[in-house]
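The structure under discussion appears below in the form of structure tokens.
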There are 2 protein chains.
Amino acid sequence: MIESTIENTPARTDPCKAAPPAHPRPEGHDRYTISEVAAFTGLTAHTLRWYERIGLMPHVDRSHTGQRRFTNRDLDWLAFVGKLRLTGMPVADMVKYAEMVREGEHTFEARAELLQRTRRDVLERITELQDTLAVLDHKIKFYADARTASERP
Amino acid sequence: MIESTIENTPARTDPCKAAPPAHPRPEGHDRYTISEVAAFTGLTAHTLRWYERIGLMPHVDRSHTGQRRFTNRDLDWLAFVGKLRLTGMPVADMVKYAEMVREGEHTFEARAELLQRTRRDVLERITELQDTLAVLDHKIKFYADARTASERP
DNA sequence: TAAAACCTTGGAGTGCACTCCAAGCAAGCC
DNA sequence: GGCTTGCTTGGAGTGCACTCCAAGGTTTTA
């Protein structure tokens, strides 16, 4: 087990899919201000502070005057949280996951279960969306046909 | 154009995907009470009244004493609204669509545009979810590997 | 016919996920 | 040094999509 308490995130070796709005992480020296992180993640500074307040962040480092200094590890975590957010997972569940991460390796099984449940939800949602796509296509075709009919009466 | 102001909905010829929790529409004589509709659609009676108040329903019929009597056409419309809801479309946009439907055929083009925009959103969301699925699978595999390693030290 | 279950309304309340505010320090620039 | 911009906090406010309430009329069941 080479992993620390905070998990490794895939090291982002697969950027083949279009990058989200604002994620060009600079090769900075690992201490980002809150507004930099806001720019990288697309979240607002407000939301980042709120995430920390509710326990969704793993203890963010501070400068000697008390300002937040986020690390690349924090950005990885936020990227993962962003993925979970896309699944529609409630924030409360993400907090539960974050707590389990803080608690250490004995929560591996529970974490895996949570992710497997989430995985099922995602598959279900994809199916629903594909169904919806079929309905939309049907309706769109109806409107297209209506237009053709009125053009060539 | 054989369509009335309210569009036809596909007649549901493709129930191959698992039916949602409670949609077994009975061969009733086309006048359902609000609680029957609630049972068929999975929405609450509260929500159905609210939908009507905000203009998301095409004028629901009433009994001689003023109680709502929904038709099969209403159920079709609600099924379509349910699909739109799955896409994450805001209720305000659905109301806009409903208004266009009420306004008649001259809104065909605008309706088609709205649906095409929605279609693009759905495709995008499906892609996002598939991305997310990859991340989840990676994490789940990590936990599975961790378990195997501890079983066979 | 009487009780139980269901329906009506406008308006108020809920839960979620942010989003903003005020007052006061902190940091970068001329 | 002084100015502007940025960061800090707890707590209050916002927007969305419902969700519920009270008081009363209606329909069904026994």
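Lettering follows sequence order; numbering is per chain, from 1.
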Check your understanding: So B/Tyr97 and B/Trp77, would you call those rings parallel, tilted or perpendicular, with 30° and 60° as cut-offs?
Key ->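 Parallel: the ring planes of B/Tyr97 and B/Trp77 meet at under 30°.
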Over how many whole Å does the gap from [X] atom [atom1] to [N] atom [atom2] extend?
| X | N | atom1 | atom2 | answer |
| --- | --- | --- | --- | --- |
| B/Asp61 | C/dT8 | CG | C1' | 16 Å |
| A/Leu43 | C/dT19 | CG | P | 9 Å |
| A/Arg62 | D/dC7 | CZ | C1' | 10 Å |
| B/Tyr32 | C/dC7 | OH | P | 15 Å |
| A/Arg31 | D/dG6 | CZ | P | 20 Å |
| B/Ile34 | D/dT26 | CD1 | P | 17 Å |

Practice item. With A/Asp61 as reference, evaluate A/Arg69, A/Arg31, A/Arg68 under the salt bridge (Lys or Arg N to Asp or Glu O under 4.0 Å) test and give the passing residue. Key: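 Answer to the salt bridge (Lys or Arg N to Asp or Glu O under 4.0 Å) test with A/Asp61 among A/Arg69, A/Arg31, A/Arg68: A/Arg31.
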Note: [X]-[Y] ion pair, threshold 4.0 Å (strictly below):
| X | Y | value |
| --- | --- | --- |
| A/Asp76 | A/Arg73 | no |
| A/Lys141 | A/Asp145 | yes |
| A/Glu128 | A/Arg125 | yes |

Check your understanding: Where along residues 46-56 of chain B does a heavy atom come under 4.0 Å from DNA chain D, residue by residue in number order?
Key ->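 Contacting residues: B/His46, B/Thr47, B/Trp50, B/Tyr51.
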Check your understanding: So which of residues 63-71 of chain B are in contact with DNA chain C, with a heavy-atom cut-off of under 4.0 Å?
Key ->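 Within this stretch, B/Gly66, B/Gln67, B/Arg68 sit under 4.0 Å of the strand.
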**Study point:** Matching residue for B/Leu56 among B/Leu78, B/Val95, B/Thr47 - test: side chain to side chain contact (heavy atoms under 4.5 Å, CB included)
**Key:**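 So, applying the side chain to side chain contact (heavy atoms under 4.5 Å, CB included) to B/Leu56 and each of B/Leu78, B/Val95, B/Thr47, only B/Val95 qualifies.
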**Study point:** A/Arg102 side chain to A/Gly55 backbone, donor-acceptor under 3.5 Å
**Key:**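 It does hold such a pair.
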Check your understanding: Does B/Thr107 use its side chain to pair, donor to acceptor, with the backbone of B/Arg111 at less than 3.5 Å?
Key ->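 Not a single qualifying donor-acceptor pair exists.
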Exercise for review: For D/dG6, take OP1 and OP2 only and decide whether either is under 4.0 Å from a side-chain N or O of A/Thr33.
Suggested key: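 Answer no for this pair, as no side-chain N or O of A/Thr33 is under 4.0 Å from OP1 or OP2.
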